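Everything quoted here is computed from the prediction, not taken from an experiment.
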Amino acid sequence: MKRKTEISELIFKIVAYFILIVFALLCIYPLIYALSSAFSSSEAVNSGAVVLWPVDVQGEAFLAVLKNNMFWLNYSNTLFVTFFGTVWALGYSILGAYALSKKRLLGRHGWNFFLVFTMWFTAGIIPQFTNYQNTISIFGSIGINDLKWTVVLAMGMNATNIILLRNSFEGVPSEIEEAARIDGATEMQILSKVYLPMSKATIATVALFFGISRWNGYFWAYKVMTTQEYSWPIQVYIRDYIDRFTTISGQGTETDTIEKWSLLYPNYSAVSVVYSMVVCAVIPILAIYPFIQKYFAKGVNMGGVKE
């Protein structure tokens, strides 16, 4: 027999769905506005006439981005940093979480406390900057001068993600591990053939977290790659483009350049080019997320709740 919905429950559902719809629209509007501005004319963008749909449609801004070799070089740098940074961070996060999930680990409670302590109190920006500088010096001493590797290796640990993985590993029945040991499995075989397959949802979720943070990473690349434009990730290149050709940053130091731009490219503005770059930069995340979404809620629940 179908249960009759009470008035209070119906009101709650209506309010909840309304809030979710509003929140979804607020999230999707910036992307719609970026697309509209990318395809709008220079006059429409500069005058603020673009609100939702493109005004005086043109496609030259996107063509300018497609022909920009430096943009695609920096785009490949972002792919490099994202892939290797995610693999590196996920690899040792899995090893650390596996060790911390074992009750036989000597001083386990102390190590777990120190891990959580870093979430309560952070040392600040100075130690992180020192870490990057020392990493650059070490790489330079062994002949590695490409600073992309610094961004990949210097600061990959995330306490929250390790805790998610640790809790997921703790949820694996100990009887399965004991059976694997009886069959002669080594520690690495137990990790790779027992724990990892049974924690796929959490691992996919943590990989998504690491991947997005590497893809959107800007600050440290901007600070340590001041002289290596060929190593910039795309976010640093977009920021540099904004500073040189637009007044979005509020610096107002490139007025002459902006005026020259309007004379050379009257059909589209530098702002349209920036929005075209932004749209190109978010495409990989939009393409990958639907395939990982099914693991997201399950992975957070498994890793966030300890039995």
Peer 1: How about OH on Tyr230, more than 12 heavy atoms from neighbouring residues, nucleotides or ligands closer than 6.0 Å, or not?
Peer 2: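 Atom OH in Tyr230 is packed in, count exceeds 12.
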Peer 1: Taking the side chain from Asn158 and the backbone from Thr160, do they hold a donor-acceptor pair closer than 3.5 Å?
Peer 2: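 It does hold such a pair.
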Peer 1: Using a 3.5 Å distance criterion without hydrogens, assess whether the side chain of Gln58 forms a donor-acceptor pair with backbone atoms of Ala38.
Peer 2: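 Yes; judged by distance alone, with no hydrogens or angles, the pair exists.
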Peer 1: Can Leu191 and Leu196 be said to form a side chain to side chain contact (heavy atoms under 4.5 Å, CB included), step by step?
Peer 2: CA-CA 6 Å; Leu191 172 61; Leu196 297 187; 4.0 Å; yes
Peer 1: For Glu43, I'd like to know if atom CD has over 12 heavy atoms of other residues, nucleotides or ligands within 6.0 Å.
Peer 2: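 Count not over threshold, so no.
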Peer 1: Under 4.5 Å between side-chain heavy atoms, hopping through other hydrophobics if needed: is there a path connecting Val282 to Phe71?
Peer 2: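 As far as the 4.5 Å side-chain criterion goes, Phe71 and Val282 are not connected within one cluster.
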Peer 1: Just wondering, more than 12 heavy atoms not from Ile28 lying within 6.0 Å of its CD1?
Peer 2: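 No, because the 6.0 Å sphere around CD1 of Ile28 holds 12 heavy atoms or fewer from other groups.
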Peer 1: If we ignore hydrogens and angles and just use 3.5 Å, is the side chain of Ser40 paired with the main-chain N or O of Val50 as donor and acceptor?
Peer 2: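 Here the side-chain-to-backbone pair does not exist.
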Peer 1: Is it possible for you to say whether Leu31 and Val273 belong to one hydrophobic cluster, with membership spreading through side-chain heavy-atom contacts below 4.5 Å?
Peer 2: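 Leu31 and Val273: separate clusters.
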Peer 1: Just checking, any donor-acceptor pair under 3.5 angstrom between side chains of Tyr241 and Asn68?
Peer 2: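 On atom types as modelled, these side chains do not qualify, holding no pair under 3.5 Å.
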Peer 1: Would you say Ser101's side chain and Tyr98's backbone share a donor-acceptor pair under 3.5 angstrom?
Peer 2: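 Side chain of Ser101 to backbone of Tyr98, a donor-acceptor pair under 3.5 Å: yes, one is there.
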Peer 1: Between Tyr275 and Tyr33, is a ring-ring contact (aromatic ring centres under 6.0 Å, His included) present by the stated rule, with each step listed?
Peer 2: CA-CA 9 Å; Tyr275 280 122; Tyr33 180 80; 5.6 Å; yes
Peer 1: Tell me, yes or no, whether the heavy-atom count around Asp183 atom CG, taken from other residues, nucleotides or ligands under 6.0 Å, exceeds 12.
Peer 2: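 More than 12 within 6.0 Å, yes.
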Peer 1: Look at the side chain of Ser36 and the backbone N and O of Leu52, then say whether any donor-acceptor pair between them is shorter than 3.5 Å.
Peer 2: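 Yes, because the side chain of Ser36 sits within donor-acceptor range (under 3.5 Å) of the backbone of Leu52.
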Peer 1: Above 12 or not: heavy atoms from other molecules or residues under 6.0 Å from CH2 of Trp53?
Peer 2: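 It does not: Trp53 CH2 has 12 such atoms or fewer within range.
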Peer 1: May I ask whether Tyr218 and Leu79 are part of the same hydrophobic cluster, defined by side-chain heavy atoms of I, L, V, M, F, W, Y residues being less than 4.5 angstrom apart, directly or through others?
Peer 2: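 Linked within one cluster.
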Peer 1: What about the rings of Phe80 and Trp232, do their centers lie closer together than 6.0 Å?
Peer 2: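 No, ring centres 6.0 Å or more apart.
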Peer 1: Keeping Trp72 on the side-chain end and Val65 on the backbone end, is there a donor-acceptor pair under 3.5 Å?
Peer 2: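 Yes; judged by distance alone, with no hydrogens or angles, the pair exists.
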Peer 1: Starting from Val279, can I reach Ile288 by hopping between I/L/V/M/F/W/Y residues whose side chains sit under 4.5 Å apart?
Peer 2: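 No; tracing contacts between hydrophobic side chains, which count when under 4.5 Å, never links both residues.
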Peer 1: So, the side chain of Ser168 versus the backbone of Leu164: is there a donor-acceptor pair under 3.5 Å, distance only?
Peer 2: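 Here the side-chain-to-backbone pair does not exist.
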Peer 1: Taking C-beta and beyond as the side chain, do Gln235 and Trp215 meet within less than 4.5 Å on heavy atoms?
Peer 2: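 In short, these two side chains touch, coming nearer than 4.5 Å.
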Peer 1: Assess whether atom OH of Tyr29 is packed by more than 12 heavy atoms of other residues, nucleotides or ligands within 6.0 Å.
Peer 2: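 Correct, the count exceeds 12.
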Peer 1: Linking I/L/V/M/F/W/Y whenever their side-chain heavy atoms sit closer than 4.5 Å, directly or via other members, would Leu73 and Ile238 fall into one cluster?
Peer 2: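 Yes, one cluster joins them.
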Peer 1: Does some side-chain heavy atom of Val236 sit less than 4.5 Å from a side-chain heavy atom of Asn74?
Peer 2: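 Result no, sub-4.5 Å side-chain heavy-atom pair not found.
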Peer 1: Indicate whether any N or O donor in one side chain lies under 3.5 Å from an N or O acceptor in the other, for Tyr195 and Glu177.
Peer 2: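 Their side chains do contain a donor-acceptor pair, which is all the 3.5 Å distance test asks for.
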Peer 1: Given 3.5 Å as the limit, does a donor-acceptor pair link the side chain of Arg108 with the main chain of Leu100, or not?
Peer 2: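 Yes; at least one donor-acceptor contact below 3.5 Å.
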